[in-house]
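Sharing a structure with you now.
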Amino acid sequence: MRCLLTASVVFATLAGSVYGHGRDSNTPLRRRKTLGFGPEHPHAVFNSNPYQIQTVGFTPLSPTTDPYEVARLFVSDVLGVSDDTGSWKIRKDSYTDKNTGVTHVYVRQVVNGLEVTDGDMNINVKDGRVLSYGNSFYQGPKPAAYSSTVAPEDLRHPQDEYCGQLHSHIGSLLRQSAGDQVVMGSSVVTPELAHIVDSNCAHPQLDPLTSDPTDFRPALLQFMAAATPNRELSDDIAENPSRYINKMSITDESHFAPGSETQVQFKIDNVPDAVSTATAHLAYIQVPNQAGDGTELQLVWKFEVEMQDNWYESAVTATTPHRIVSVVDWASDSPIPIPPKTEPATYNVFSWGINDPECGPRSLEKENIDSIASPAGWHSIPVDNDPSTPRGKKPGVWKKSATTWGNNVFAQENWEGANNYIHNFRPASDADGVFDFPYEPKKTDKDDAYTEATSYINATVTQLFYTNNKIHDFYYRYGFNEVAGNFQQYNFGRGGEENDAVIANAQDGSGYNNANFMTPPDGRNGRMRMYLWNTALPYRDGDLEAGIVIHEYSHGLSTRLTGGPANSGCLGWGEAGGMGEGWGDFLATTIRANRTYSDYAMGAWAANKTTGIRNFVYSTDEGVNPSTYKTLDKPGYWGVHAIGEVWAEILWVVSQKLIAKHGYSDDLFPPVAGADGVVPREHHFWRQDKDLYVPKHGNTLMVQLVINGMKLQPCRPSFFDARDAIIEADRVLTDGENVCLLWKGFAERGLGVDAKVEGRTPWGGGVRTNGYAVPFQCQDGPSAPSTPEFL
């Protein structure tokens, strides 16, 4: 019954901890280390109704006014200063969504010529009106040039606070345990809790080497001592810091043009445990003040460091003692080439909608050459954008690959678990372009299970390539296109940053029983790593469970859309990080669902467990899944995966209400363009009474609202922000005809207008109160007080 119950990363993961292996499955496993924390922003707001916008004194302008001019005037009204003061700038990743006509303008605060890395505004503009906006700009006094408003030694250290809260929370779990094991949901987690504490909190504090804030090497070394999973290396850095500092080579990459995103940036090579060149630039970050009701500015070095299993964006205080303030793990002119016309390839795969091998047989499926989402098909790529081809300007020259290599995704085995991919093995089609390989796993004993799994690598990589391309095209048609930051090597002259196709590794040797996705900013490759699962004999392959692949790809979707495609630091922890997990679960479940309603589990096939790897299956029945907003206060719900399943459950309940009202579409894909390149407007997929392309049915409309909501919501959103953004998305798309229905869906699981949280912490802590009320205009009868909720 698993198919009637799907599957299941910023760097995001499917399950709570990651293990690794080499080519031999009997070699000792290693744990992946990951850091993720940062300051809370108590002053941040997201306003999405006209009254809130009018209160800042801004009135709508002419519908013909340039939306960027509307945004400039709006920011000037909110802040009381114009952009010619140099206190803020509109980021270059701002864009207009052609599907909705909404212009998403991203603004970054500037103080003393340096960016405030978490001083963000996102302003959503259409027809001269500001529809909604988020604002986390620093509001306090300006410090002297290249200094902080708080001394490092007086800093309320976010990592120390996080670790203190983590120890306290884990202590409460231990007190509830019996014996020496702690049960969280259905998993024994004592070793995992210890690993999480060690990953985030156990590292040496280096002795000050210099007090010169212009020398960032000690700050970078302090971060690497914390980030490396190699305890021996960390200890050696602490004992011999000068040796590592002297090995670092620095290149100044200062920009001449004053309008650059980062005017002074350094590249650093020979950084211990880094696998590529790191970058550094000076910036400010906001830290909580002593009263806890506002923020102060701290001068920091911002680092981007790619490691074997992580890709970090971190902020470390510029002056000693060097303290880590924030960490996010992210786990672009030539002539436009004309894509060649080629015969579509054929793949023997589990087709779109079949979640895993127990849900249906494989079939021969044609390459979907969607002229809008993938104009060149799935196997063609311009030579100038092909990382496997020697660099050299060859405008207009295309390469057609006979392997699982193309413009949207590079799929291959990665048995060694390293970062190499170009020369890794990938299957080739026959002379007719057919990828047809056997998949008949034989039952084996434990010693032979790994070898047996690798024997069907051709089928597994083919499946991974197919699913990645399908989800690329699917999300593209719902608005995740080039200007929104999607993943493509070549963007067909349609905007956005290029050279960032997904690197998809099958049977990755760095782990078992998991999957993850690295999402750097637009213009750098996303990296998906899929693992074998040793939960059954023969081993099960996560590449063959579509829900896992879709969940991981969805991390790239939500990270690129939230806060803008050039900002990958918006979903790093707490409720925001949890929703990054939840969107993946919800979208994967929606894609595998069918017209006859059913409950669904995540990761059931791969994990060989009917109820999957979450605490509950996704269900509208509160007896099956009792999750509400208040559930986040329960023991075991501090991590992003547990937070995410609550968000996914809420979205699942909301979506079923839309389906009950608008019906169900068996095909989630919008209609393809005709020979003229135009998507047919008169089609049963679309509402015919709307000017915009509005999906007609409840399930397709929900997908559109969720994706549009990601674009509208602010950086570091809360559940409330994301809820309001989805409701705002409906106002834009349908003139708000579903607003009350959406409110009732959210309120059914405690996220009504009277829901609240007190004492919110950066990692998701706080005391929540369920709210079951809806706005006055949505009430069917006399208003009743919110029902009390107890743990």
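These numbers come from a predicted model, not from an experiment.
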Roughly how far, to the nearest 0.5 Å, is NZ of K711 from NE2 of H104?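 Nearest 0.5 Å value for the NE2-NZ distance: 5.5 Å.
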Please list, chain by chain and in numerical order, all residues satisfying side chain to side chain contact (heavy atoms under 4.5 Å, CB included) with H662, sequence neighbours excluded.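 Result, side chain to side chain contact (heavy atoms under 4.5 Å, CB included) vs H662: L658, R687, L701, E737, N738.
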Please name all residues satisfying salt bridge (Lys or Arg N to Asp or Glu O under 4.0 Å) with K696, sequence neighbours left out, ordered by chain then number.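 Scan of K696 (salt bridge (Lys or Arg N to Asp or Glu O under 4.0 Å), adjacent residues dropped) gives none.
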Check the angle between the aromatic planes of Y475 and Y553 and answer parallel, tilted or perpendicular using the 30° and 60° thresholds.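 Judged by the thresholds at 30° and 60°, the geometry between Y475 and Y553 is tilted.
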Answer yes if the side chains of N499 and N525 hold a donor-acceptor pair under 3.5 Å, and no otherwise.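 There is no such pair (donor and acceptor under 3.5 Å, judged by atom type) between the side chains of N499 and N525.
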For the atom pair CG (D66) and CZ (R72), what is the distance rounded to the nearest 0.5 Å?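 With rounding to 0.5 Å, CG (D66) is 7.0 Å from CZ (R72).
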What orientation do Y95 and Y106 show, parallel under 30°, tilted 30 to 60°, or perpendicular over 60°?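 Tilted: the ring planes of Y95 and Y106 meet at 30° to 60°.
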If the test is side-chain hydrogen bond (donor to acceptor under 3.5 Å, both in side chains), which one of R108, K89, Q109 qualifies with E115?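 Testing E115 for a side-chain hydrogen bond (donor to acceptor under 3.5 Å, both in side chains) against R108, K89, Q109 leaves exactly one candidate, R108.
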Criterion side-chain contact (heavy atoms from CB on, under 4.5 Å) on F137 and V116, from CA distance to verdict: CA-CA 8 Å; F137 269 34; V116 180; over 6 Å; no
Would you say the side-chain atoms of N135 and Y133 include a donor-acceptor pair closer than 3.5 Å?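 No pair is found: no donor N or O on one side chain lies under 3.5 Å from an acceptor on the other.
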Any chance the side chains of E728 and S48 put a donor and an acceptor closer than 3.5 Å?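 No pair is found: no donor N or O on one side chain lies under 3.5 Å from an acceptor on the other.
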Plane angle bin for W647 and W583 - parallel if under 30°, tilted between 30 and 60°, otherwise perpendicular: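 Taking W647 first and then W583, their aromatic rings stand perpendicular (interplane angle over 60°).
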Could you check D384 against Y490 for side-chain hydrogen bond (donor to acceptor under 3.5 Å, both in side chains), going step by step and ending with a plain yes or no? CA-CA 9 Å; D384 283 347; Y490 178 64; over 6 Å; no
Please enumerate all residues that pass salt bridge (Lys or Arg N to Asp or Glu O under 4.0 Å) together with R595, with sequence neighbours excluded.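 R595 satisfies salt bridge (Lys or Arg N to Asp or Glu O under 4.0 Å) with D666 only.
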With rounding to the nearest 0.5 angstrom, report the CD1 to OH distance, I285 to Y138.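 Interatomic distance, I285 CD1 to Y138 OH, rounded to 0.5 Å: 13.5 Å.
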In Å, rounded to the nearest 0.5 Å, how long is the span from CG of D522 to OG1 of T559?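 With rounding to 0.5 Å, CG (D522) is 12.5 Å from OG1 (T559).
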Can you list the residues that meet the salt bridge (Lys or Arg N to Asp or Glu O under 4.0 Å) rule with D730, with sequence neighbours excluded?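 Not a single residue meets the salt bridge (Lys or Arg N to Asp or Glu O under 4.0 Å) criterion with D730.
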Please name all residues satisfying ring pair (Phe, Tyr, Trp, His ring centres under 6.0 Å) with Y476, sequence neighbours left out, ordered by chain then number.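 Y476 satisfies ring pair (Phe, Tyr, Trp, His ring centres under 6.0 Å) with no other residue.
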Please collect all disulfide bond (SG atoms under 2.5 Å apart) contacts where either partner lies in residues 669-736, sequence neighbours excluded, each pair once.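 Qualifying pairs, neighbours excluded: C570-C715.
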Between R91 and D93, is there a salt bridge with N-O shorter than 4.0 Å?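 So D93 pairs with R91 through a salt bridge.
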Under 3.5 Å side-chain donor-acceptor pair for S132 and N124: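 Per modelled atom types, S132 and N124 side chains form a pair under 3.5 Å.
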With a 3.5 Å cut-off and no angle check, do the side chains of W378 and D473 form a donor-acceptor pair?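 A donor-acceptor contact under 3.5 Å links the two side chains.
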Please say whether the positively charged group of R681, taken as NZ for Lys or CZ for Arg, lies over the ring of Y693, i.e. under 6.0 angstrom from the six-membered ring centre and within 45 degrees of the axis.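 Yes - R681 lies over the ring of Y693, closer than 6.0 Å to its centre and within 45° of its axis.
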For Q777, look at atom CD and say whether over 12 heavy atoms of other residues, nucleotides or ligands are found less than 6.0 Å away.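 Enclosed.
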Answer yes if the side chains of T700 and Y478 hold a donor-acceptor pair under 3.5 Å, and no otherwise.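 T700 vs Y478: no donor-acceptor pair found between side chains.
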For S326 and D118, which I'm curious about, is there any donor-acceptor pair between the side chains at under 3.5 Å?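 The criterion, which ignores hydrogens and geometry beyond distance, is not satisfied for D118 and S326.
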Validation row: R716, E575 side chains within 4.5 angstrom (heavy atoms):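 SC-SC contact between R716 and E575 ruled out.
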So, applying side-chain hydrogen bond (donor to acceptor under 3.5 Å, both in side chains) with D500, which one of Q489, R560, R524 is it?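 With D500 as partner, side-chain hydrogen bond (donor to acceptor under 3.5 Å, both in side chains) holds for just one option, R560.
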